[in-house]
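Take a look at the structure set out below.
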There are 2 protein chains.
Amino acid sequence: MTTTRRYPGDPEDPGLPYNAFAKECPSRGTLEHVTGRWGALTLGALSGGSLRFNELRRRVGGVSEKMLSQTLHALERDGLVHREAQPTNPPRVDYELTPLGHEAARRVLSLIHFLEDSMDDVLLARESYDARGAR
Amino acid sequence: MTTTRRYPGDPEDPGLPYNAFAKECPSRGTLEHVTGRWGALTLGALSGGSLRFNELRRRVGGVSEKMLSQTLHALERDGLVHREAQPTNPPRVDYELTPLGHEAARRVLSLIHFLEDSMDDVLLARESYDARGAR
DNA sequence: CCGTATCCATTTGGATACTG
DNA sequence: CAGTATCCAAATGGATACGG
């Protein structure tokens with residue numbers, strides 16, 4: 001038998017209709033929405049339950065109205081976030097994760113928490129890198 | 001006792017020295033390196049073992065030399081990737097994940113695979129969104 | 001309150017050319 | 001092969017003003 005060499009994104013890998021490592025794959029776009037600068041934090045913030053626009057804005061430190069709005073539209077279009085608008089005055093709009101969004105958010109939060117827990121190591125690595133970089 | 005309301009990034013949460021949801025936290029920067037446009041794919045590609053620069057470039061579809069170089073420098077500085085250079089001619093440089101990088105890559109790949117597996121749902125959600133958006 | 005629209009500064013990113 | 005340097009196009013992001 002021939003050796004099968006498999007790696008993430010191997011174009012020869014059977015049964016993988018979508019491959020984020022391939023430039024043209026639509027999953028690439030969704031990956032960018034989810035892992036983008038504000039996408040990951042937005043999903044993470046919503047993982048605790050539904051939030052209104054300005055609540056969300058306060059939870060995601062530093063995001064502008066424009067960027068939060070764009071991020072939410074992209075996530076809603078991908079079916080990860082549901083937007084619930086009440087036609088009251090003043091208007092009230094709640095954002096919440098869909099079941100798919102919850103699954104994605106769990107994985108995103110796992111990464112975020114891991115990195116937060118590893119920051120002492122990361123900061124040490126940076127010091128070491130910067131010190132060596134001088135030579 | 002008072003109710004403790006905890007959510008991702010809650011600034012009142014004790015025992016969390018690093019909080020990616022806070023604008024000034026250094027973990028925010030590392031999160032962006034790892035989840036950035038090329039960071040996630042680079043980590044994923046390296047999860048199968050060490051790769052040379054141009055091998056990596058071929059695995060990560062669409063990345064330019066400049067962006068791959070920048071991405072690798074950032075990940076190396078954060079202690080997630082190790083660079084092994086042989087002073088031969090022609091030069092040979094191998095990149096591999098550190099133990100920390102492996103842990104991060106596992107979580108990143110979990111997300112990537114989940115999204116790849118969910119693309120049919122995502123694409124359906126987009127159709128539905130675009131159809132409704134017309135009204 | 002919940003956004004959209006517009007303008008503008010900054011950043012990011014790709015193509016190309018070039019070096020050790 | 002493994003990058004760096006440069007130039008320029010495009011995307012990002014903030015501030016402000018405005019509308020439902």
Side-chain angles (χ1 to χ4, degrees), chain A residues 21-24 28-42 45-46 50-77 81-96 129 132-135, chain B residues 21-24 28-42 45-46 50-77 81-96 129 132-135:
Chain A
F21 293 86
K23 181 160 114 181
E24 351 66 55
R28 174 79 66 98
T30 299
L31 178 63
E32 284 172 16
H33 297 155
V34 170
T35 63
R37 187 164 188 178
W38 303 116
L41 295 173
T42 299
L46 284 173
S50 89
L51 291 174
R52 302 174 64 176
F53 187 83
N54 281 321
E55 283 178 325
L56 199 43
R57 194 154 124 68
R58 282 187 290 275
R59 297 275 178 98
V60 180
V63 70
S64 67
E65 291 185 354
K66 178 183 168 183
M67 284 302 109
L68 181 56
S69 180
Q70 276 188 20
T71 300
L72 285 169
H73 280 309
L75 294 176
E76 188 192 356
R77 192 168 103 98
V81 163
H82 175 70
R83 180 180 186 275
E84 187 77 33
Q86 319 272 2
T88 59
N89 192 312
R92 177 189 175 98
V93 183
D94 288 277
Y95 292 92
E96 60 184 343
Y129 180 93
R132 292 184 63 82
R135 66 184 174 105
Chain B
F21 293 86
K23 181 159 110 180
E24 352 66 56
R28 174 78 67 96
T30 299
L31 178 63
E32 283 172 16
H33 297 154
V34 170
T35 63
R37 187 164 187 181
W38 303 116
L41 295 174
T42 299
L46 284 173
S50 90
L51 291 173
R52 302 174 65 173
F53 188 83
N54 281 320
E55 283 178 325
L56 200 43
R57 192 154 127 70
R58 282 187 289 274
R59 297 273 179 99
V60 180
V63 70
S64 67
E65 293 185 351
K66 177 184 168 182
M67 284 302 108
L68 181 56
S69 181
Q70 275 188 21
T71 300
L72 285 169
H73 280 310
L75 294 176
E76 188 192 356
R77 193 168 102 98
V81 163
H82 174 69
R83 181 180 186 277
E84 187 77 32
Q86 320 273 2
T88 59
N89 192 312
R92 178 190 176 96
V93 183
D94 289 278
Y95 292 91
E96 61 185 342
Y129 180 94
R132 293 183 63 81
R135 71 188 170 101

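Reminder, nothing fancy here: chain letters follow the sequence lines and each chain counts from 1.
Between A/His73 and B/Tyr129, the ring planes lie perpendicular to each other; the angle is over 60°, past the 30° to 60° tilted range.
Under 3.5 Å, the side chain of A/Lys66 and the base of C/dG3 form no donor-acceptor pair of N or O atoms.
Here the P atom of nucleotide D/dG3 and the CG atom of B/Leu56 are 10 Å apart, to the nearest Å. Atom CD in B/Glu65 sits roughly 18 Å away from atom P in D/dC7 (whole-Å rounding). Per the geometry, CG belonging to B/Asn54 stands 5 Å off P belonging to D/dC1, to the nearest Å. To the nearest angstrom, P of C/dC2 lies 8 Å from CG of A/Asp94.
Taken residue by residue, residues 31-38 of chain A places heavy atoms nearer than 4.0 Å to DNA chain D at A/Arg37, A/Trp38. Sorted by residue number, the members of residues 68-76 of chain B with any non-hydrogen atom under 4.0 Å from DNA chain D read B/Ser69, B/His73.
Taking the nucleotide of DNA chain C with the nearest heavy atom to each of B/Val63 and A/Glu55, the more 5' of the two is matched to A/Glu55.
For the residue pair A/Gln86 and A/Asp94, the shortest heavy atom distance occurs at NE2-OD2, 4.4 Å. Annotation for A/Arg83 and A/Tyr95: closest pair NE-OH, 3.3 Å, computed over non-hydrogen atoms. Nearest heavy-atom pair across A/Glu96 and A/Ser50 is CB-CB, 3.6 Å. The nearest pair of heavy atoms linking A/Val60 to A/Ala45 is CG2-CB, 4.0 Å.
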task: Begin from the C-alpha positions of A/Val81 and A/Thr42 and carry the test side-chain contact (heavy atoms from CB on, under 4.5 Å) through to its verdict.
output: CA-CA 10 Å; A/Val81 163; A/Thr42 299; 5.6 Å; no
- prompt: Given the rule in the side-chain contact (heavy atoms from CB on, under 4.5 Å) test, do B/Val63 and B/Arg57 qualify, once you have shown the distances and angles that lead to the verdict?
  reply: CA-CA 6 Å; B/Val63 70; B/Arg57 192 154 127 70; 4.1 Å; yes
- request: Carefully, step by step, assess B/Leu41 and A/Leu31 under the rule side-chain contact (heavy atoms from CB on, under 4.5 Å).
  value: CA-CA 10 Å; B/Leu41 295 174; A/Leu31 178 63; 3.9 Å; yes
task: Toss me the dot-bracket line for DNA chain C: Watson-Crick and G-U wobble, both under 3.5 Å, 5' to 3', using | for pairs to another strand and [ ] for crossers.
output: |.||||||||||||||||||
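Annotation: the span from A/Arg77 atom CZ to A/His33 atom NE2 amounts to 7.5 Å, rounded to 0.5 Å. Atoms CD and CZ, on B/Glu32 and A/Arg37 in that order, are 4.5 Å from each other to the nearest 0.5 Å. Rounding to the nearest 0.5 Å places CG of B/Leu51 at 5.5 Å from CG of B/Leu46.
The side chain of B/Ser64 lies closest to C/dG14, out of C/dG14, C/dG3, D/dG3. Nearest nucleotide to the B/Pro91 side chain, out of C/dT4, C/dG20, C/dC2: C/dG20. The side chain of B/Met67 approaches C/dG14 more closely than any other nucleotide in the set C/dG14, D/dG3, C/dG3. Distances from the side chain of B/Arg83 to the nucleotides C/dC2, D/dG3, D/dA2 place D/dG3 closest. When distances run from any side-chain atom of A/Arg52 to the nucleotides D/dG3, C/dT4, C/dC1, the shortest one goes to C/dC1.
Among the heavy atoms of the strands, none lies under 4.0 Å from B/Asn89.
For B/Tyr95, no side-chain nitrogen or oxygen approaches OP1 or OP2 of D/dC1 to under 4.0 Å.
With hydrogens and angles ignored, the 3.5 Å screen pairs a side-chain donor or acceptor of B/Thr35 with a backbone N or O of A/Thr35.
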